[in-house]
Amino acid sequence: MILTIDAGTTNTRATLWRDSVPIARAAQRVGSRDTAMTGSRNALRRAVRETLAQALSQANADIDEPSLLLATGMISSNMGLLEIPHLLAPAGREALAAGMRACVVPEVCARPIWFVPGVKNLSEDIGLHNCERMDMMRGEEVEAMALIDRLSIRQPAILAIPGSHSKFIHLDARQRIAGCVTTLAGELLHVITHNTLLADALGGSFAAELDVEMLLAGAEQASRIGLGRACFMVRTLDQFTVYDHNARANFLLGAVLGADLLTLKNSRALNMSPGTQFIATGRPLLRAALGCLVAGDEFFSGNVAMVDEATQADLAGHGAILLARTRGLL
């Protein structure tokens, strides 16, 4: 058995694996954000300890039974339990495995936990001249390694992982992380939907299903007249047209995600070529929307693939176990 811990900004998850199959899971809504807000790691320590105990309890197992404990995500940041410096891109499976560090955290358990490092784009001094080229990740690197394994990726690719902070990862021809960019697309969508003048026009809720026409229209308007103006058009659509809530919500989704397409085309952190294959993960609606926008944009000429639910299940744990094997821990 193996215990994996995936602690991000807002959530902590523990998964117990037997023979590479997850058999028990537990989660709490606690993450590195709690450390930042309180100035104390106590909440995170408690969440990790309790989720480990809950996962073990489901399988009638004891903390001494798993052969290995692995931790990924923001848990290795300065707001986590053990800070490990980011590795410099390009970084693949071997580099990530070599960068793992073991530490006993007494407030969690008496056993050593192996922590996986994150990856960053640059090592040089950062200023206005190069700050757009800089980006970093903690947690997505193991998801990328898992997707490379499960999808047998052998060519350069862009992995899209939409969420509160959407991450786009450039994989090179050697299946290494060559760089990444992060956007606030998910947070923007949440704030605009719930905390602006548009809350009434959107009913405080997101799109229920994909409306391709409205999605593409929102992206086109945002690219032509700007995101702020395109957002306000949602109110116009509510006040003076017959478009329903789902149509208006798709228009906003297209406007926000259309800004991410500009990032893909122009970010110096990715230097994406038009023919690079594009692989979208995440919640069904978001990955379908991103795939639709990329497929419908004449800049992109590479293959567009959607990752299904089964393939993207338990990516963090699967990736961590791959690194442990590469490191010789298993």
Side-chain angles (χ1 to χ4, degrees), residues 8-11 29 33 132 135 140 158-168 180-267 269-270 272 278-300 304-307 309 312:
T9 302
T10 56
N11 293 287
R29 194 167 177 77
R33 180 184 62 176
E132 197 283 314
D135 210 290
E140 293 88 359
I158 295 292
L159 299 181
I161 308 176
S164 296
H165 299 161
S166 292
K167 191 79 68 175
F168 299 92
C180 67
V181 296
T182 309
T183 78
L184 295 181
E187 285 196 328
L188 284 172
L189 193 62
H190 180 87
V191 169
I192 293 167
T193 301
H194 294 93
N195 303 107
T196 70
L197 180 68
L198 302 184
D200 179 63
L202 295 166
S205 60
F206 306 117
E209 59 184 11
L210 193 63
D211 183 327
V212 174
E213 178 186 10
M214 296 301 287
L215 181 83
L216 295 176
E220 191 278 328
Q221 290 287 357
S223 67
R224 188 169 58 86
I225 59 176
L227 178 59
R229 175 59 178 162
C231 287
F232 188 80
M233 288 177 64
V234 174
R235 179 165 171 78
T236 304
L237 292 170
D238 177 45
Q239 293 288 304
F240 302 106
T241 75
V242 297
Y243 290 108
D244 63 14
H245 164 267
N246 189 65
R248 298 191 297 271
N250 268 271
F251 186 92
L252 176 64
L253 180 62
V256 172
L257 294 185
D260 281 359
L261 260 65
L262 292 176
T263 298
L264 290 173
K265 296 175 188 178
N266 299 312
S267 175
L270 286 182
M272 179 183 179
F278 183 87
I279 301 171
T281 70
R283 294 195 298 271
L285 183 65
L286 282 178
R287 68 173 181 257
L290 269 173
C292 180
L293 290 172
V294 170
D297 192 299
E298 63 183 15
F299 172 86
F300 302 97
V304 178
M306 303 291 106
V307 180
E309 294 297 311
Q312 67 180 16

> Does any N or O in the side chain of R248 come within less than 3.5 Å of the main-chain N or O of A201, such that one atom is a donor and the other an acceptor?
Replying inline: yes
> Within a strict 4.5 Å, meaning less than it, do heavy atoms of the F278 and L159 side chains meet?
Replying inline: no
> Which pair of non-hydrogen atoms, one from V256 and one from A185, has the smallest distance, and what is that distance?
Replying inline: CG1-O, 3.6 Å
> Between M233 and I225, does a side chain to side chain contact (heavy atoms under 4.5 Å, CB included) hold up when you go through it step by step?
Replying inline: CA-CA 11 Å; M233 288 177 64; I225 59 176; 3.8 Å; yes
> In Å and rounded to the nearest 0.5 Å, what is the CZ to NZ distance from F300 to K265?
Replying inline: 6.0 Å
>> Let's go through I161 and S166 carefully: what are the C-alpha distance in whole Å and the side-chain angles of both, what is the deciding distance for side chain to side chain contact (heavy atoms under 4.5 Å, CB included) to 0.1 Å, and is it a yes or a no?
In response: CA-CA 6 Å; I161 308 176; S166 292; over 6 Å; no
> Parallel under 30°, tilted from 30 to 60°, perpendicular over 60°: which one fits the rings of F206 and H194?
Replying inline: perpendicular
>> Let's go through V191 and L184 carefully: what are the C-alpha distance in whole Å and the side-chain angles of both, what is the deciding distance for side chain to side chain contact (heavy atoms under 4.5 Å, CB included) to 0.1 Å, and is it a yes or a no?
In response: CA-CA 11 Å; V191 169; L184 295 181; over 6 Å; no
> Are the side chain of E187 and the backbone N or O of H165 linked by a donor-acceptor pair below 3.5 Å?
Replying inline: no
> Is there a side-chain contact between E132 and S267, using heavy atoms and a 4.5 Å cut-off?
Replying inline: yes
>> For a quick test of reading the model, state the closest non-hydrogen atom pair linking D135 to C180 and the distance between them.
In response: CB-O, 3.0 Å
>> Please find the pair of heavy atoms, one from L257 and one from A289, that lie closest to each other, and give the distance.
In response: CD1-CB, 3.7 Å
> Do you know which two heavy atoms are closest between T193 and L189, and how far apart they sit?
Replying inline: OG1-O, 2.6 Å
> Less than 4.0 Å between a side-chain N and a carboxylate O, is that true for E309 and R287?
Replying inline: yes
> Roughly how far, to the nearest 0.5 Å, is OG1 of T263 from CG of L270?
Replying inline: 8.5 Å
> Can you tell me how far the CD1 atom of I192 sits from the CG atom of L202, to the nearest 0.5 Å?
Replying inline: 9.0 Å
>> How long is the straight-line distance from CG of N11 back to CZ of R33, given to the nearest 0.5 Å?
In response: 8.0 Å
> Salt bridge check: are D200 and R235 linked by an N-O gap of less than 4.0 Å?
Replying inline: no
>> Quick check: closest heavy atoms across A255 and A230, and the distance to 0.1 Å?
In response: CB-CB, 4.0 Å
> Can you check whether L285 reaches L210 side chain to side chain, under 4.5 Å on heavy atoms?
Replying inline: yes
>> Please check: side-chain N/O of N250 versus main-chain N/O of M214, any donor-acceptor pairing under 3.5 Å?
In response: no
>> Considering only residues two or more places apart or on different chains, which pairs with a residue in residues 204-226 satisfy side chain to side chain donor-acceptor pair (under 3.5 Å)?
In response: S205-H245, E220-R224, Q221-R224
> Looking at CG of L227 and CZ of F232, how far apart are the two atoms once the value is rounded to the nearest 0.5 Å?
Replying inline: 14.0 Å
> Do T281 and M306 have side chains that get closer than 4.5 Å, going by heavy atoms?
Replying inline: no
> Given S164 and H190, is the side chain to side chain contact (heavy atoms under 4.5 Å, CB included) satisfied, shown in steps?
Replying inline: CA-CA 8 Å; S164 296; H190 180 87; over 6 Å; no
>> Could you tell me if the side chain of Y243 sits less than 4.5 Å from the side chain of D238, heavy atoms only?
In response: no
> In this structure, which one of I158, T183, L290 forms a side chain to side chain contact (heavy atoms under 4.5 Å, CB included) with L264?
Replying inline: I158
>> Checking side chain to side chain contact (heavy atoms under 4.5 Å, CB included) between L293 and each of V304, V212, L215, which is the one that passes?
In response: L215
